[in-house]
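Keep in mind the model is a prediction, meaning the values are calculated, not measured. Excluded from the calculations below are hydrogen atoms, water molecules and symmetry mates; all remaining heavy atoms, backbone and side chain alike, are included. So you know, we letter chains A, B, ... as the sequences are listed, proteins then strands, and number each from 1.
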Amino acid sequence: MSDLRVRFAPSPTGYLHIGGARTALFNYLLARKEQGTFILRIEDTDVERSTQESVDAILQAMDWLGLSYDEGPFYQSDRYDLYKNKVRELLDKGLAYRCYCTQQELDAKREAALQNGGKPRYDGTCRERTDQPDAPYVVRFKTPHEGSTAFNDRIKGTITVENAELDDLIIQRTDGNPTYNFVVVIDDAEMQINLVIRGDDHVNNTVRQIPMFQALGYQVPEFAHVPMILGADKKRLSKRHGATSVMVYKELGFLPEAMVNYLVRLGWSYGDEEIFSMADLIEKFSLDNVGRSAGVFNPDKLLWLNEHYIKTGEPARLAGLLADILEGQGVAVSGGPDMIAVVKTLQERAKTLVEMADGARFYFEAPADYDEAAAAKFLNAEHKGVLGLTIKHLSSLSSFALEDIENAFKSVMEESGLKFGKIGPTVRVALTGGTVSPSIYDVVAVLGKDVVVSRLQRALDAIG
RNA sequence: GUCCCUAUCGUCUAGCCUGGCCCAGGACACCGGCCUUUCACGCCGGCGACGGGGGUUCGAAUCCCCCUGGGGACGCCA
């Protein structure tokens, strides 16, 4: 047990996206590796946009990925009294002040600053004001003007910004609610977070938050800013680039271990290794090997990893997942072939569970109709003999083991004088309806004698 | 525009700190071949990068500077 305390602090304004998931993962991994504490905090100070559905969605996604937390979830909306007290404290100490500038005035100032080629920041109009007019106001933090603020980022190294670049941040809105940059400081401090791992887009916030930690008398935590994830066009990852919701990948037939493995390798590396189980990661993960530049999300590689995990996955577990998908598609699986056997025939030929489901459907439903081109080629009058022979030899089998099935086909070959290449395709179309399927022997074995014979007979009848 | 960060194959990256082992290694994708009862899997091979310019050095992907490119921030969002 170490004293490392890290947190993941999503705002519940949508689903858990790829970037957030990676940040959560990095936090989780480090906490587990160092045997520290992983805290989940819901940053819902934006009353307008925060929803319970989003909270649920985020929780579900973390659960799916296997990211368990030790404390929380804490909701900032439950902690407003604390924030209010801290605002008052800063006000009393003269470290914050009331600002009566209106939205319109601020907009005008911003535009003017931009026009003059400068940074559009607050000019400090109310900073030295002593009167307290009876008008709506916000509270701003008095950011130091002199000197510079620097911190040593665990990923990026030393980052320094001149305080003259900073402006006075609003810490309390007109409606009395606190803002993000303020509550995050209080919560990280009060929850004794000693390492803040978050997205790279927060670097600028960090230098604004550090003076607040100091003003409040808190110890400043360490920071690690993880680079952004971009789309193929090097633009910030968004819906335009395809699915960005973690849970959509679940729907698409991805395994959580593939997602975890992909996410961790986007920005982190361990020599030439590519495949990592969660256990491997907990052992090997380190901030030292996290890259400093943004990375492009590559769905092809994620797909490859998924393929790998399907190929090497425990058939029994995959069977359960596959059954769920099939049932979701309205396929009755209960009376059908053994699901584990089904999975085994498909593991090497499916990149996603959805793809596996597509390939598995014929096991549970006799082909409604035959693929036209396939039927024309392999199910016509000249194949009646082969079909008949196959029925004959297969139906006479008392044991339906793979070996027996192979022997039966051998007999068909001998008796017909045909090679397997002339027999297989016909049987395949009769059994599956198409030309693509697992090995014929496997299909026959998994389907079982009764189903096989009846489908072959049906094909024979169809030829007429 | 201003500030911050960043820069190795198309993409993810190893190597950079502690210069020579790197005319740069691995992975995905792509291309070709082999295997094969279909589709796949698998195996073998190929294509492909140190952004540019200056330095420092006997020697630079590795150290320094400039430029350029990319990202981020600049909100009473988080």
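Residues satisfying the salt bridge (Lys or Arg N to Asp or Glu O under 4.0 Å) test with D188(A), not counting sequence neighbours, are R7(A), R41(A). Residues passing the side-chain hydrogen bond (donor to acceptor under 3.5 Å, both in side chains) test with E314(A), sequence neighbours excluded: none. Residues satisfying the salt bridge (Lys or Arg N to Asp or Glu O under 4.0 Å) test with D358(A), not counting sequence neighbours, are R361(A). Under the side-chain hydrogen bond (donor to acceptor under 3.5 Å, both in side chains) criterion, D167(A) pairs with R208(A), sequence neighbours left out.
In terms of position along RNA chain B, the nucleotide closest to R265(A) lies nearer the 5' end than the nucleotide closest to the other residue of the pair R265(A) and Y137(A). Projected onto RNA chain B by closest heavy-atom contact, G271(A) and K235(A) fall at different nucleotides, the more 5' of which corresponds to G271(A).
Listed by first and then second residue, the ring pair (Phe, Tyr, Trp, His ring centres under 6.0 Å) pairs that reach into residues 157-191 of chain A are Y180(A)-H202(A), sequence neighbours excluded. Each salt bridge (charged side-chain N to carboxylate O under 4.0 Å, His left out) pair with one or both residues in residues 72-84 of chain A, not counting sequence neighbours, appears once here: R79(A)-D187(A).
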Please report, to 0.1 Å, the donor-acceptor pairs under 3.5 Å made by any side chain of residues 439-446 of chain A, with sequence neighbours excluded.
| unit_1 | atom_1 | unit_2 | atom_2 | d |
| --- | --- | --- | --- | --- |
| S439(A) | OG | Y441(A) | N | 3.4 |

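The aromatic rings of F223(A) and F151(A) sit perpendicular, their planes meeting at an angle over 60°, well past the 30° parallel limit.
Residue-level contact check: D175(A) touches neither bases nor backbone, having no heavy atom under 4.0 Å from any strand. Residue K422(A) is classed as having no contact, given no heavy-atom separation below 4.0 Å to the nucleic acid. Heavy atoms of E274(A) sit under 4.0 angstrom from at least one base atom. Contacts of L266(A) with the nucleic acid, taken as non-hydrogen atoms under 4.0 Å apart, involve only primed sugar atoms and P, OP1 or OP2.
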| field | Footprint string (nucleotides 4-11 of chain B, 5' to 3'): B base within contact, S backbone only, - free, heavy atoms under 4.0 Å | value | SSSS---B
| request: Heavy atoms under 4.0 Å is the rule here; annotate nucleotides 39-49 of chain B 5' to 3' with B where the base is hit, S where only the sugar-phosphate is, and - elsewhere. | output: BBSS-------
